[in-house]
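One structure below.
Position 1 is the first residue of the sequence, and the numbers go up from there.
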Amino acid sequence: MAPMASMAHQAPLTYSVALLARRAATALAAVMVLGAATAPAAYADSASASPKKLPDGLYGSKDPQYDGVWRQSLALLAQDTVGVRPAASAVNWLAGQQCADGSFTAFRAEPGKPCDAKTLRDTNPTAAAVQALAALGGHGDAVKKAVNWLKSVQNDDGGWSSMPGSPSDANSTSVVIGALAAAGEKPQSVTSEKGGKTPYDGLLTFQLGCAAKGDGRGAFAFQLKGAAPNADATAAAATGARGKGFVVEPAGKGADTPVKPLDCKDGDKKAGTDDPAQAAEAGDGYLVAQLDKNGQHLLSAMPGAEEQPDVGNTADAVVALAAGAHGAAAAKPLKWLEKNGADWAKQSGPAAYAQLVLVAHATGTDPRSFGGTDLVAALNATGPEPAAAAKKDAEDADESKDGGGLGLVWVIGIGLAIGAGIGFLLSSRKKSRL
């Protein structure tokens with residue numbers, strides 16, 4: 001998300017561009033011990049004002065001004081992925097944030113007030129909300145309106161920027177590709193009005209090919225200007241180029257496809273590849289090289305500060321590798337995340353817990369025992385009690401009223417067992433899944 005011109009009169013707010021599009025929520029929460037960023041300047045003048053009281057149904061206890069829709073979308077999506085049915089108030093809050101034209105902004109303090117020309121519509125929270133609402137079901141009209149709005153602000157190069165009308169960037173293009181796929185669209189069929197470019201056409205323009213200096217070959221830049229390798233943009237693009245969004249299904253036990261870095265022959269100055277799958281592989285090759293170089297985690301740095309381990313970028317990289325079925329390559333940084341992720345998420349909030357839940361899902365890891373932490377319980381605790389959990393508690397409470405502490409079903413089961421002369425107890429008590 002590029003800073004807006006309106007920020008020129010204010011003290012500059014520094015931030016890492018690499019963290020914004022895929023991890024806006026966690027980047028905005030606070031300065032982290034492991035991986036940090038401040039609020040993006042793009043939002044500072046135009047986001048809806050901070051609420052005096054946090055809205056009912058919202059996940060997280062921090063100011064939602066810059067990341068409300070983003071963190072809510074990731075939280076609900078992560079819950080759905082592990083079989084948790086979110087609270088109706090949480091889902092309604094997210095759906096109620098949508099503007100009449102289908103777009104979303106970072107946060108609307110007064111959702112009952114129509115969006116106007118001053119509302120800062122943003123492709124990133126819109127695409128995140130699409131992925132969440134599509135997964136939850138029952139919001140077909142909202143998803144369709146949001147997708148139509150995203151199509152209406154597609155740039156001529158086939159990609160998207162965070163702010164409509166600005167140059168495309170790799171992160172925003174990737175998250176929109178994920179939204180299109182989640183909504184049942186074929187991204188390769190969504191073409192720009194002028195030029196007929198697809199999202200993949202736009203995305204691949206950010207990849208650094210054999211002409212890149214140093215170890216940047218195969219990496220993606222955030223934007224074309226400067227063309228510097230960007231690990232977070234690379235992780236986002238490697239996932240998006242495969243037509244996948246935040247939720248990546250595990251490849252299966254034992255799946256391990258070797259990573260294929262960009263193959264550059266002597267004197268080869270080709271910009272890269274025109275094939276999205278090959279581009280994703282090349283991006284994965286760059287990520288693996290960076291992970292190996294840094295001790296199985298990626299780095300980020302605030303301007304003027306030393307580089308620090310970046311948990312969120314590392315999580316994105318693991319998901320990208322899992323999307324390519326690179327089991328062995330993903331296993332090493334996954335272990336680092338299991339050791340370091342919980343403390344980071346505890347400080348960062350629901351979007352960080354959600355991100356780790358999605359990492360666990362993509363790698364076939366148990367999110368309820370992730371390095372000794374129950375990520376699902378921790379995520380649930382940051383917002384309204386999930387509907388499924390509430391139902392289970394009610395059932396347990398009803399059952400405890402009968403049989404001197406034994407549930408009614410248990411009493412019936414005992415009677416049946418005795419009557420049949422069975423030497424062991426059969427229980428038909430049903431437990432709602434979390």
Please name the pair of heavy atoms, one in [X] and one in [Y], separated by the smallest distance, quoted to 0.1 Å.
X    : Y    : answer
A219 : P229 : CB-CB, 3.8 Å
L54  : L58  : CD2-CD2, 4.2 Å
A315 : L337 : CA-CD1, 3.7 Å

Distance-only, no hydrogens or angles: does the [X] side chain make a donor-acceptor pair with backbone N or O of [Y] under 3.5 Å?
X    : Y    : result
S152 : W149 : yes
Q355 : G312 : yes
Q207 : F220 : no
Q223 : P167 : yes
T314 : L298 : yes
S192 : D156 : yes
Q97  : R108 : yes
S369 : D366 : no
W160 : L150 : yes
T191 : T198 : no

Classify the angle between the aromatic ring planes of F107 and W93 as parallel (below 30°), tilted (30 to 60°) or perpendicular (above 60°).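 Rings of F107 and W93: parallel, under 30°.
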
Roughly how far, to the nearest 0.5 Å, is [atom2] of [Y] from [atom1] of [X]?
X    : Y    : atom1 : atom2 : answer
T365 : L356 : OG1   : CG    : 11.0 Å
L120 : S103 : CG    : OG    : 10.0 Å
D56  : S89  : CG    : OG    : 7.0 Å
L358 : F246 : CG    : CZ    : 8.5 Å
S174 : F206 : OG    : CZ    : 9.0 Å
D284 : L321 : CG    : CG    : 5.0 Å

With sequence neighbours excluded, tell me which residues meet salt bridge (Lys or Arg N to Asp or Glu O under 4.0 Å) with [X].
X    : answer
E338 : none
D101 : R121
K293 : D215

With sequence neighbours excluded, residues passing side chain to side chain contact (heavy atoms under 4.5 Å, CB included) with [X]:
X    : value
A325 : A251, T257
K53  : none
A88  : N92
S161 : N155, S166, D169

Are L76 and Q79 close enough, and set up right, to give a side chain to side chain contact (heavy atoms under 4.5 Å, CB included), and what steps lead you there? CA-CA 5 Å; L76 299 182; Q79 287 182 323; 3.8 Å; yes

With side chain to side chain contact (heavy atoms under 4.5 Å, CB included) as the criterion, how do T173 and I177 come out once you've worked through the C-alpha distance, each side chain's angles and the decisive distance to 0.1 Å? CA-CA 6 Å; T173 302; I177 288 175; 4.2 Å; yes

Should N380 and E385 be marked as a side chain to side chain donor-acceptor pair (under 3.5 Å) after you check the CA-CA gap, both sets of side-chain angles, and the distance that decides it? CA-CA 7 Å; N380 292 347; E385 185 178 17; over 6 Å; no

Using ring pair (Phe, Tyr, Trp, His ring centres under 6.0 Å), reason through Y59 and W70 one step at a time and then give a plain yes or no. CA-CA 10 Å; Y59 276 80; W70 181 271; over 10 Å; no

What pairs with K197 under side-chain hydrogen bond (donor to acceptor under 3.5 Å, both in side chains), at least two apart in sequence or on another chain?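 Expected list: none.
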
Considering residues at least two apart in sequence or located in another chain, which fulfil the side-chain hydrogen bond (donor to acceptor under 3.5 Å, both in side chains) criterion with T205?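 side-chain hydrogen bond (donor to acceptor under 3.5 Å, both in side chains) check on T205 returns nothing, list empty.
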
Suppose we screen for ring pair (Phe, Tyr, Trp, His ring centres under 6.0 Å). Which residues come up paired with H297, at least two apart in sequence or across chains?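 Expected list: W336.
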
Quick test of your reading: applying salt bridge (charged side-chain N to carboxylate O under 4.0 Å, His left out), list the pairs with at least one residue in residues 182-193, sequence neighbours left out, ordered by first then second residue.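 Non-adjacent pairs meeting salt bridge (charged side-chain N to carboxylate O under 4.0 Å, His left out): K151-E185.
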
Return all side-chain donor-acceptor pairs below 3.5 angstrom for residues 134-145, not counting sequence neighbours, or 'none' if the list is empty.
{"from": "K145", "atom 1": "NZ", "to": "A100", "atom 2": "O", "distance (Å)": "3.1"}

Are any non-hydrogen side-chain atoms of E249 and H361 less than 4.5 angstrom apart?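 Yes, side chains in contact.
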
Given side chain to side chain donor-acceptor pair (under 3.5 Å), test D292 with Q296 step by step and report yes or no. CA-CA 5 Å; D292 288 343; Q296 297 308 316; 2.7 Å; yes

